[in-house]
Amino acid sequence: MAKQISLLNFGFTNAAAQNKAPPKGKAATKREYDVNKRSRGFVASWVDEFPGILHDNDAGVIFCSTCQNHPNIADQQSVFFTGGCGTYRKQSLQAHWLSPRHIMCVEAKVAKKRAQGNDLVGPIDNVIKRMSEKNRNILKKVFNTAYMILKCELPFTLFPNMLKLQIKNGSDIDGLSSYRTNTACKRFTQYIVGDIREPLKDAINNARVFSVIYDGATDASVTEVEIVYCRYVRDGKPLNCFVNLHEVEHAHAEGVFSAIDNAMVSAGIENWKEKLVGAGSDGAKVNVGINNSVATRMQGDGREHVVIVHCVAHRLELAILGAIKENEMLQTVQDMLNKIHKHYHYSPKALRELEMVAEAMGEKFLKPQRLSGTR
């Protein structure tokens, strides 16, 4: 068999074989990237893209001045608040500037500017500045309609039909072609709530001391929330005001206390723990337990002076129920009244007949109620 003759025998080389390099491992690739990677630095356009950004050129790190000016609201674990971010990655900046805590700090900054009488910021503020007197009056009527829906706890879907009714009755709201949807009503209520809460927030922050009243509840979306009230003294008179409603992630003591903290901070009451002197709640163990409860956390971190109050209505009910159990005659009366309530509660026919008897006798009809209950 004849031997094959290759061009390689005459001095030619295989270019494909020479160019084909052996595969590199991950370690070699990483070393090569570390040597040849581009150096990152501060980009001047970030000043406009990320308001409040601070660059320490000597230390080579980036800070967020907005969060640093509101330490009680900011995320104190963020590098933009503590030692600064030295990676110079735009993704890190975007993640921080879109974080919930940073947005809360921005809202607090805007609210402070409004309180100081500085130029208002925001798109709706600029629109109001350029608005004519006629359109301003029309928008005022729209805001009043949204306030009535909020006050009467009506659904936002009624907002467009209520505006149509006003137009039919001769109102000049027809001159406003936009802001007639239920989504616009939701936006209006957010501004209304913010305007109402602003003086309450200032009053609580200016108070020397105050107490909090809290209780668990379930909202319309069947979500467990914590409702928080505040009690303070103004002009020598004690006043109660609603602070906030915040979702409870976990129903244990730490979860409830965290919900109260988030409710106070999001309402603009930043140093509430420093001025806290009292707390009131019902007698649940998660609230008033001796070892591990919300009460022990209220009195923690050097706040042993905080007075924990068990709800008077709950204590009165427990005292009455305890007294009834020790008296045989009262126990008989309680059983009889409970049976009467159940009879008319589960029988619409019997309830209707009772109402007819009261009407025939000319007496006011009172539906039998439960004997016990704090409400």
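Here, residue 1 is the first one in the sequence, and each next residue gets the next number. Please read all numbers here as calculations on a predicted model, not as lab measurements.
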* Asked: Is the side chain of Ser293 donor-acceptor paired with the backbone N or O of Gly289 at a distance under 3.5 Å, no angle test?
  -> yes
* Which pair of heavy atoms, one from Val256 and one from Asn287, lies closest together, and at what distance? -> CG1-OD1, 4.4 Å
* **Side-chain donor or acceptor of Thr332 paired with backbone N/O of Glu328 under 3.5 Å** => yes
* Asked: Does some side-chain heavy atom of Val193 sit less than 4.5 Å from a side-chain heavy atom of Arg197?
  -> yes
* Asked: What do the steps show when you test Leu200 against Val243 for side chain to side chain contact (heavy atoms under 4.5 Å, CB included), and what is the final call?
  -> CA-CA 8 Å; Leu200 293 176; Val243 176; over 6 Å; no
* To do: Report yes if some heavy atom in the side chain of Val212 is under 4.5 Å from a heavy atom in the side chain of Met298; otherwise report no.
  => yes
* Got more than 12 heavy atoms from elsewhere within 6.0 Å of OH, Tyr147? -> no
* To do: Using a 4.5 Å cut-off on heavy atoms from C-beta on, say whether the side chain of Phe159 contacts that of Phe188.
  => yes
* Just wondering, more than 12 heavy atoms not from Glu249 lying within 6.0 Å of its CD? -> no
* May I ask you to decide if Arg352's main-chain N or O and Tyr344's side chain share a donor-acceptor pair within less than 3.5 Å? => no
* To do: Identify whether the distance between the nearest side-chain nitrogen and carboxylate oxygen of Glu198 and Lys201 falls below 4.0 Å.
  => yes
* Asked: How far apart are the C-alpha atoms of Tyr346 and His341, what are their side-chain angles, what is the distance that settles it, and do they pass the ring pair (Phe, Tyr, Trp, His ring centres under 6.0 Å) test?
  -> CA-CA 9 Å; Tyr346 294 105; His341 162 70; 7.5 Å; no
* Asked: Taking all atoms of both residues into account, what is the closest heavy-atom pair of Leu93 and Ile62, and its distance?
  -> CD2-CG2, 4.2 Å
* Ignoring hydrogens and angles, tell me if any N or O in the side chain of Ser266 forms a donor-acceptor pair with the backbone of Asn262 under 3.5 Å. => yes
* Under the 3.5 angstrom rule, does the side chain of Trp97 hit a backbone N or O of Pro51 as a donor-acceptor pair? -> yes
* Main-chain N/O of Leu276 paired with His305 side-chain donor or acceptor, under 3.5 Å -> yes
* Asked: Does the side chain of Arg231 come within less than 4.5 Å of Phe210's, by heavy atoms?
  -> no
* With a 4.5 Å heavy-atom cut-off, do Cys105 and Asn69 have their side chains touching? -> no
* To do: Please examine the side chains of Cys185 and Tyr179, heavy atoms only from C-beta on, and report whether any two atoms are closer than 4.5 Å.
  => no
* Short side-chain to backbone donor-acceptor contact, Lys186 and Phe156, under 3.5 Å -> no
* Any donor and acceptor pair, going by atom type alone, linking the side chain of His252 with main-chain N or O of Gly255 inside 3.5 Å? -> yes
* Is there a side-chain contact between Tyr214 and Tyr229, using heavy atoms and a 4.5 Å cut-off? -> no
* To do: Flag yes if more than 12 heavy atoms outside Asp301 fall under 6.0 Å of its CG atom; otherwise flag no.
  => no
* **Non-hydrogen side-chain atoms of Gln76 and Cys67 separated by less than 4.5 Å** => no
* Lys367 and Glu355: CA distance, side-chain angles, deciding distance, salt bridge (Lys or Arg N to Asp or Glu O under 4.0 Å) verdict -> CA-CA 8 Å; Lys367 182 179 179 181; Glu355 185 175 4; over 6 Å; no
* Nearest heavy-atom pair of Ile196 and Pro199: which atoms, and what distance? -> O-CD, 3.2 Å
* Answer yes when Arg303 and Glu274 have at least one side-chain N-carboxylate O distance shorter than 4.0 Å, and no when they do not. => no
* CE of Met148: more than 12 outside heavy atoms within 6.0 angstrom? -> yes
* **Glu359, CD: over 12 other non-hydrogen atoms inside 6.0 angstrom** => no
* Distance (rounded to the nearest 0.5 Å) between Asp261 CG and Glu226 CD -> 12.5 Å
* Asked: His314 side chain to Asp282 main-chain N or O, any donor-acceptor pair under 3.5 Å?
  -> no
